[in-house]
Colleague: 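Before we start, here is the structure in question, set down as structure tokens.
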Amino acid sequence: MQADKTGLETMRHSAAHVMASAVQRLWPDALFDIGPDTEDGFYYDFDLEHRLTEADFAAIEAEMAKIIAEDHPFVREEKSRAEVLELMRGRGQSYKLERLADIPEGELISLYSSGDFTDLCRGPHLERTGEIKAYKLLSVAGAYFRGDEKNQMMQRVYGTAFLSQEDLDAHLRMLEEAKRRDHRVLGRELDLFSIQESVGPGLVHWHPKGARIRSVIEDFWRREHYRAGYEMLYTPHVGRAGLWETSGHLDFYSENMYAPMDIDEQRYYIKPMNCPFHIQIYKNRKRSYRELPLRWAELGTVYRYERAGVLHGLMRVRGFTQDDAHIYCTEEQVEGEVRECVRFAIAIWRAFGFEEITAYLATRPEKAVGDPAQWEIAQRSLEAALEAEGIAYEMDEGGGAFYGPKIDFKTRDAIGRSWQMSTIQFDFNEPERFDMLYVGADGQMHRPYMVHRALLGSLERFLGILIEHYAGAFPLWLAPVQATLIPVTDKQTAAAEAMAAKLRAHDFRVTVDARPEKMGAKIRDAQLQKVPYMLIMGGREVENGTISVRSRVAGDQGVMTPEALIELMNAERRVELA
RNA sequence: GCCAAAGUAGCUCAGUUGGCAGAGCAUCGCAUUCGUAAUGCGACGGUCAUCGGUUCGAGUCCGAUCUUUGGCUCCA
């Protein structure tokens, strides 16, 4: 707990104490661990005989209401280690004793009491429990003591609290909104993708409409990569064990790899990463400094074993397609290449409607491979790129991988949630392991710099984020069906089909709803499918050669000529990098 | 993997102390030819996740497994 907490953080932390206090009253055998505030609420970890479920929340909240109404003061006491030890030992609070042992000798040890509940805690707290205004318990889940799976599993209760009921209501509405946007639900309703039990967990099937969106994204991605000076690669999905021994994956990554398969008495592994293959292409012949930088990109599908409990829709899967690229360059080129990567990443994000971007720069950890001087050059180039592009960033000192420093980018979606996607990572490990070289201007052999980067992360996860960001209502350029032709009666069906053909000739994705339904029903279905344009053709339109245009967001737009409609939609679907 | 909860028609869900598996929507058929968010009638649709056990009898009780959900851990 920091001393410079905001009022909201302090209040949430106090609310955690009040919740613990309520649990103590309801289940006197409860053992307490810690109860901090979090980004949007608080939690408290308990160990108690009773299995907590959401059905217990009403009772806990009622007890909290009592404690708040009793308006106990939060009393801070500074005690000696021996006194606290005795108190917690007397109460059998074994977790508190372990936490006490964490506090360095000589540091102040403080207790906070409110009513009959006393907790080892640095504070600060509110003056009185009565100051807690608006709170709600949200979920219960298991959590390891100290986050270590070798330890005892605690029962964690999550809750949230706000300074006013209005703020709490707004937050609860946001949670509802997030639920409404859930990509797993929208994915089914809009018929975009599925994950089949018969095939296996974490393995994604793209249905025609989801595949359409993905292919639009891929086409855009390729176009922009070619424009930015990249070349495309395609590489195999499996490779011999020796490759993965050389790369180091079998040493450092094997717990994430699918089990090997034996083919013609040779052992093969399905790829968890694309880089070793790209390196093989690099090494296929001798390279000169004249051909650097090489910018090689691949939409490479990889498979990684993820523990069963972590899978989640499209966000966390076992088979996914990285928008991977590797840049091989000279030392002189490093800074410019990194800066281009940063610029490119941000431009791509903006094209998909993400504006707010923050970066995290992770530097050399204790244990690392590679020349410290090269780390220095790499880190400086990353920092310079962020400065030059004016991106807000935080330093994560020592947070880099053992093989190189990196920048991770996070962006916020339409309802303020933060997602990590792009990453730019130096690699001082693989060029060494694979003995990558190029001939310099001096005629000597040199080791190239290698940068891994992904902009969208994985297409599966990115689609999941996009679905939630747009709540399934994709902008025209991404919408799998851009317009539905709606004949008012079946007398107009032929004309609607002809109009659909005309629009398809202009590369628009259109369908005709020729069902014997009333127009209102067809409009309703198109709205629910979040189709951007509904193009209604009745007797009047067919006679006048016009179309009645209804927009998904703005409703009836009146009639226009086909040419005017094409012009309108052409302007709307255009997407260019800034 | 661990803690907890869940799994009934394509979807959302009902199913009483163990006693004939249901509804709405979707789908299909017939009728309706309709002007900016749901036309009417009818039909089809189930190994109640899977396997085993208890019982005269299991959707319901018990066990194991699979999958999902909320977290922990990890991460694109």
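Residue numbers begin at 1 in each chain, while the letters A, B, ... track the order of the sequences. Note: hydrogens, waters and symmetry copies are ignored here, and every other heavy atom, side chains too, is used. Just so you know, these numbers come straight off a predicted model, no measurement behind them.
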Colleague: With a 3.5 Å cut-off and sequence neighbours excluded, list the donor-acceptor pairs that the side chains of residues 394-411 of chain A form with protein atoms.
Modeller:
unit_1: Glu397(A); atom_1: OE1; unit_2: Thr363(A); atom_2: OG1; d: 3.0
unit_1: Tyr403(A); atom_1: OH; unit_2: Gln425(A); atom_2: OE1; d: 2.8
unit_1: Lys406(A); atom_1: NZ; unit_2: Asp408(A); atom_2: OD2; d: 3.2
unit_1: Asp408(A); atom_1: OD1; unit_2: Thr423(A); atom_2: OG1; d: 2.8
unit_1: Thr411(A); atom_1: OG1; unit_2: Glu356(A); atom_2: O; d: 2.9

Colleague: Choosing from A38(B), C34(B), U33(B), which nucleotide comes nearest the side chain of Asp490(A)?
Modeller: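 Closest of the options to the side chain of Asp490(A): U33(B).
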Colleague: In terms of side-chain geometry, is the basic nitrogen of Lys96(A) or Asp119(A) positioned less than 4.0 Å from the acidic oxygen of its partner?
Modeller: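 Counted as a salt bridge, because a side-chain N and a carboxylate O are separated by less than 4.0 Å.
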Colleague: When the distance from CG of Leu311(A) to P of G70(B) is rounded to whole Å, what number comes out?
Modeller: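 Value for this atom pair: 11 Å.
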Colleague: Whole-Å distance between A4(B) P and Phe57(A) CZ?
Modeller: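 One finds 15 Å between P of A4(B) and CZ of Phe57(A), rounded.
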Colleague: Could you tell me how far apart Asp182(A) (CG) and U68(B) (P) are, to the nearest whole angstrom?
Modeller: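 Going from CG in Asp182(A) over to P in U68(B) covers 14 Å.
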Colleague: Reckon Lys522(A) touches a base, only the sugar-phosphate, or nothing at all at heavy-atom distances under 4.0 Å?
Modeller: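 Nothing, no heavy atom under 4.0 Å.
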Colleague: Under 3.5 Å, is there an N or O donor on one side and an acceptor on the other linking the side chain of Glu541(A) and the base of G35(B)?
Modeller: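 Indeed there is one.
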Colleague: Check Arg417(A) with Glu468(A), please: is the shortest side-chain N to carboxylate O separation under 4.0 Å?
Modeller: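 Salt bridge present between Glu468(A) and Arg417(A).
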Colleague: Would you verify whether the NZ or CZ of Arg12(A) falls within 45 degrees of the ring axis of Tyr43(A) while also being under 6.0 Å from that six-membered ring's centre?
Modeller: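 Not satisfied by the 6.0 Å and 45° rule.
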Colleague: Mind checking if Arg540(A) touches a base, just sugar-phosphate, or nothing, with heavy atoms under 4.0 Å?
Modeller: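 Answer is base: heavy atoms of Arg540(A) come under 4.0 Å of a base.
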Colleague: For C75(B) and A37(B), measure between their C1' atoms and round to the nearest Å.
Modeller: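 Result for the C1' pair: 42 Å, nearest Å.
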Colleague: Considering only atom P, compute the distance from C51(B) to U8(B) and round it to an integer number of Å.
Modeller: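 So the two P atoms sit 16 Å from each other.
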Colleague: Is the Tyr258(A) to Tyr269(A) ring centre distance short of 6.0 Å?
Modeller: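 No.
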Colleague: Relative to the 5' end of RNA chain B, which residue comes earlier, Arg515(A) or Thr53(A), by the nucleotide with the nearest heavy atom?
Modeller: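 The answer here is Thr53(A).
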Colleague: For each nucleotide in nucleotides 71-76 of chain B, reading 5' to 3', give B when a protein heavy atom comes within less than 4.0 Å of its base, S when such contact involves only the sugar-phosphate, and - otherwise.
Modeller: BBBBBB
Colleague: Would you mind telling me which of G70(B), A37(B), A38(B) lies closest to the side-chain atoms of Arg184(A)?
Modeller: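 Nucleotide nearest to Arg184(A)'s side chain: G70(B).
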Colleague: Quickly work out the Glu517(A) CD to U27(B) C1' distance and round it to whole Å.
Modeller: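 Going from CD in Glu517(A) over to C1' in U27(B) covers 12 Å.
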Colleague: Would you indicate what Gly200(A) reaches in the nucleic acid, counting non-hydrogen atoms under 4.0 angstrom: base, sugar-phosphate, or nothing?
Modeller: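 Result for Gly200(A) = nothing.
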Colleague: To the nearest Å, how far apart are Leu203(A) CG and C66(B) P?
Modeller: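 After rounding, the reported distance stands at 16 Å.
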Colleague: Assign Gly539(A) to base, sugar-phosphate, or nothing according to its heavy-atom contacts below 4.0 angstrom with the strands shown.
Modeller: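 Gly539(A): base contact, heavy atoms under 4.0 Å.
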Colleague: Look at all strands and tell whether Ala308(A) reaches a base, only sugar-phosphate, or nothing, counting heavy atoms closer than 4.0 Å.
Modeller: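 Result for Ala308(A) = base.
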Colleague: Would one find a side-chain N or O of Arg550(A) under 4.0 angstrom from OP1 or OP2 of A37(B)?
Modeller: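 Yes, Arg550(A) has a side-chain N/O under 4.0 Å of OP1/OP2 on A37(B).
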Colleague: Thinking salt bridges, do Arg412(A) and Glu355(A) make one under a 4.0 Å N-O criterion?
Modeller: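 So Arg412(A) does not pair with Glu355(A) through a salt bridge.
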